[in-house]
Every structure is written in structure tokens, then in C-alpha cells.
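Right, one structure below, let's go through it.
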Amino acid sequence: MKPITILAIESSCDDTSIAIMRDRKVLSNVIAGQSVHEEYGGVVPELASRAHQSNIVPTVDKAIRQAQISKEDIDAVAYTIGPGLSGSLMVGSSFAKGLSLGWNRPLIEVHHMKAHVLAHLIDDDQQRIPDFPYLCLTVSGGHTQIVVVHSALDQEIIGSTIDDAAGEAFDKSAKILGLSYPGGPLIDEYAQKGNPEAFKFNQPSVDGLDFSFSGLKTSILYFIRDEMKKDSLFIEKNLFDLCASIQKTIIEILMQKLKSAIKTTEIKSVAIAGGVSANSALRSSLLDLRRMDCEVFIPKFEYCTDNAAMIAIYAHYMFLEKQFGSLSAAPKPRFAS
Ligand code: KG4
Ligand code: ZN
């Protein structure tokens, strides 16, 4: 059978990424990040779409060159249709449509969160691939979900956050500590030098497999405010311990629900996905699940945070099912499922 070659575009938030995939193998996965948001404590949508606009052409060019293919080899053009920031999605979607029309190739519309979950099916010689069904804890800046992956295109959400996402909990805590955006990686780095038992923060009580993180943010905010009144150098003196304690609390919340999901579903293949799956404490907690007889799957760093290789792998399965998109589709910023 002729190999399937897909060019995929990811532009849902603040990373412009282009990947070329041939039969589940990544030929290139180029990511152009945007440092412009660092000083604002979060992604500024208007600045994000502008940066996508200037990054997209050179990133496509680089991805095609790195993959060492010619554009005639590409069978389909895939892009993230949602969820994400409207202006950011629009840049990727317009560009994908232009390529599809110009090259006379089908378009494939990919759901960003479902793509995170399928990053595990990328054919990488060093990584094992989970069998179906597998459980996936998807933790990003906008979502926190536990998903049962029945098959590549059949994903069932069995738990999700009722307020903030886990990545937001990291980023908002970091902001309270005066750290730049995105705060998750910084908390992770500083936590390694601190004591996770130094401070205790309230754990939420939410029924079933759902999550809540907004209470934690408030309890951190009030705690810091009170301590700073007593000692204006409190954050500076305790930064590493604060980061370690905050990280421990967030990871405990995630792991408690994940363990309940394993018990409820009796599925013992367990994966993590999304930007927060880059977190070192989450990765080691997941490895501990092997004591519960679970087989665990942790993506390579480059496939954790937003990247186009995950869009390409989802598109690969849609291509097999001939699930093609339309040139008149509008981006879906709130794409549910
Ligand atoms: O999946 P992603 O790249 O973008 C979204 O779709 O949201 O996730 C970004 C999130 C941010 O909240 C960022 O702080 C978090 O992932 N993140 C981390 C780490 N690396 C990225 N959080 C904790 N520890 C990390 N090492
Ligand atoms: Zn994401």
C-alpha cells in the first residue's frame, strides 16, 4: 500500500507548529514558540495571532525541508479546528485551506484535545504503543480530562475539571509567586530544590472523577497575602518550598482521580498527555502506578506540549476513514468533543 504522508498545522494557542508524518512516523515536527507573552502572565490573544501570522510560512518551509520530501508527496493537509483561541485558530485554518486548494489535496479537521491523547500512537522506535482500551489523563493549560480511549477515533471523557485546568493551576500559582508565564515549567524546576511538605494547601472535594482547581488557587493567594503582611520577603525566602508544596498538591489531586478511574474502569494501561505531562513529579507518580500492576505510557517531551505531530497522528486515522473536512468550515474555539 502507498504510504500516507500528511502535513499538519497546529496553531490553537501560542505555538506555531508544523509536522510532516508518513505512516505514523514523524519526518519533521517544527515548533515556533512565542516569547512575547512572558511579561503579561498569560497568552495575549491578539499578540498570539499576529505571531502565528509571521511564523507560519517559515515554519511550513522548514518542516518540508527537514522532512526531505517534496510537496507533491503530501496526501492531505490537516489542521487544528479547535478548541483554542479564535484568532490563532483562524491563522492555521486559513493557511491549511490555502494549501489544500493550491495543492488539490483533502483537508482534515482535527480536535486539539483528542490529538493530545493520540500522541501515544506515534510510531517512534524507542516508545511502546498502548493497546486499546487505554486510560489517558490529559492535562493542559485549558483542559483536564480523564479519557477512555476505546480506539483511535473513539474517545470517551469520564472526568473533567469543573473550573480551572491543571496547567492553569500551575500558571496562576506561578503568577501569585511573581514568576513569568508559562509558570508550570518554572514551578517544576524550582520544586526540585524545595521541600514538598513545607506548606499544606486545601484539597478540593469533588464527586466522581471530576476535578477542581480554583479553590487551591484561592487558598494559595490568601496564604501568601497573609504571610507577606508578616514578612515582605516571604516569597523570596521560601520560593523553592512553595513551588514544591504547590506542585505536590496539584499532582496529588490529579493522581487521586486517576487511581479512582483505574479502579472504576479496571483498565490498567494508563497514559498521560498535554503540556502538564512534561512535569517531572507527575511523570514519576505515573511510574509509581506500576506498583498497582499498571502499564504506563509517558510521551516524549516534544509530544507533551502543543505540537503538530499529534495533529498529524490523529489526522492519519481520519484519513484512513476518509473523514475529510470542508473549505468553508469555521474554527471552533469551544469545540467540545
Ligand atoms: O498542552 P499545552 O502545551 O497547551 C495547551 O493546550 O494548553 O499545555 C500548556 C500548559 C501550561 O499551563 C504550562 O504551564 C504547562 O502546560 N506545563 C507544565 C510543564 N510544562 C508545561 N506544567 C507543569 N510542569 C511542567 N514541566
Ligand atoms: Zn494543548
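These numbers come from the heavy atoms of this one structure, side chains and all, not from hydrogens, waters or symmetry mates. In each ligand, atom 1 is the first atom listed, and ligand 1 is the first ligand listed.
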| query | Hey, does Glu10 have a side-chain heavy atom less than 4.5 Å from the side chain of Thr16? | reply | no
| Are any of the side-chain nitrogens in Lys2 or Asp75 under 4.0 Å away from the carboxylate oxygens of its partner? | yes
| message | For atom 17 (N) of ligand 1, what's the nearest protein heavy-atom neighbour? Residue, atom name and distance, please. | response | Gly275 O, 3.6 Å
| query | In terms of side-chain geometry, is the basic nitrogen of Arg65 or Asp61 positioned less than 4.0 Å from the acidic oxygen of its partner? | reply | yes
| Ligand-side contact atoms (ligand 1) for residue partner Gly142, heavy atom cut-off under 4.0 Å | 7 (O)
| said: Can you confirm whether Leu47 sits close enough to Gln34 that some side-chain heavy atom of one is under 4.5 Å from a side-chain heavy atom of the other? | reply: no
| Contact check, side chains of Val270 and Tyr134, non-hydrogen atoms, under 4.5 Å | no
| said: Looking at ligand 1, would His112 count as a contact under a 4.0 Å heavy-atom criterion? | reply: yes
| Is there a heavy atom of Pro185 sitting under 4.0 angstrom from any atom of ligand 1? | yes
| Are Thr5 and Ile20 close enough that some pair of their side-chain heavy atoms sits under 4.5 Å apart? | yes
| Is the ring centre of Tyr40 less than 6.0 Å from the ring centre of Tyr181? | no
| remark: Any heavy atom of Asn279 under 4.0 Å from ligand 1? The part involved is both
| task | Run the numbers for me: atoms of ligand 1, each under 4.0 Å from some heavy atom of Ser140, listed by number. | result | 1 (O), 5 (C), 6 (O), 7 (O), 8 (O)
| note | Going by the 4.0 angstrom heavy-atom rule, the piece of His116 near ligand 1 is side chain
| said: Just so I know, are the side chains of Glu109 and Phe324 near enough to count as touching, which here means a heavy-atom distance under 4.5 Å? | reply: no
| request: Please check if any side-chain donor atom of Asp15 sits under 3.5 Å from a side-chain acceptor atom of His52, or the reverse. | output: no
| query | What are the atoms of ligand 1, with element, lying closer than 4.0 Å to any heavy atom of Gly167? | reply | 12 (O)
| query | Nearest protein heavy atom to atom 26 (N) of ligand 1, by residue and atom, and its distance? | reply | Asp188 OD2, 2.9 Å
Just list the side-chain donor-acceptor pairs under 3.5 Å for residues 288-302, sequence neighbours left out, or say none.
unit_1 : atom_1 : unit_2 : atom_2 : d
Arg290 : NE     : Leu287 : O      : 3.4
Glu295 : OE2    : Arg128 : NH1    : 2.4
Lys300 : NZ     : Asp124 : OD2    : 2.6

| field | Gly274, any N or O under 3.5 Å of ligand 1 N or O | value | no
| query | Where does Asp306 meet ligand 1, judged by heavy-atom distances below 4.0 Å: at the side chain, the backbone, both, or neither? | reply | both
| So is Gly141 polar-close to ligand 1, meaning N/O to N/O under 3.5 Å? | yes
| said: What do you get for the angle at the Zn ion (ligand 2) between NE2 on His112 and OD1 on Asp306, to the nearest 10 degrees? | reply: 90°
| query | Polar-atom distance check: Asp171 versus ligand 1, any N or O pair below 3.5 Å? | reply | yes
| query | With a cut-off of 2.8 Å, does Cys13 place any N/O/S atom under that distance from the Zn ion (ligand 2)? | reply | no
| query | What do you reckon, are the aromatic ring centroids of Phe199 and Phe234 less than 6.0 Å apart? | reply | yes
| note | Numbered in order shown, the ligand 1 atoms found under 4.0 Å of a heavy atom of Pro182 are 14 (O)
| task | Measure the distances from the heavy atoms of Gln247 to every atom of ligand 1 and state whether one is below 4.0 angstrom. | result | no
| query | Which of the atoms in ligand 1, numbered in the order shown and given with their element, are less than 4.0 Å from a heavy-atom of Thr305? | reply | 3 (O)
| Can you find an N/O atom of Gly184 closer than 3.5 Å to an N/O atom of ligand 1? | yes
| query | Does His143 bring an N, O or S atom to under 2.8 Å of the Zn ion (ligand 2)? | reply | no
| query | Is any side-chain heavy atom of Glu236 closer than 4.5 Å to a side-chain heavy atom of Leu233? | reply | yes
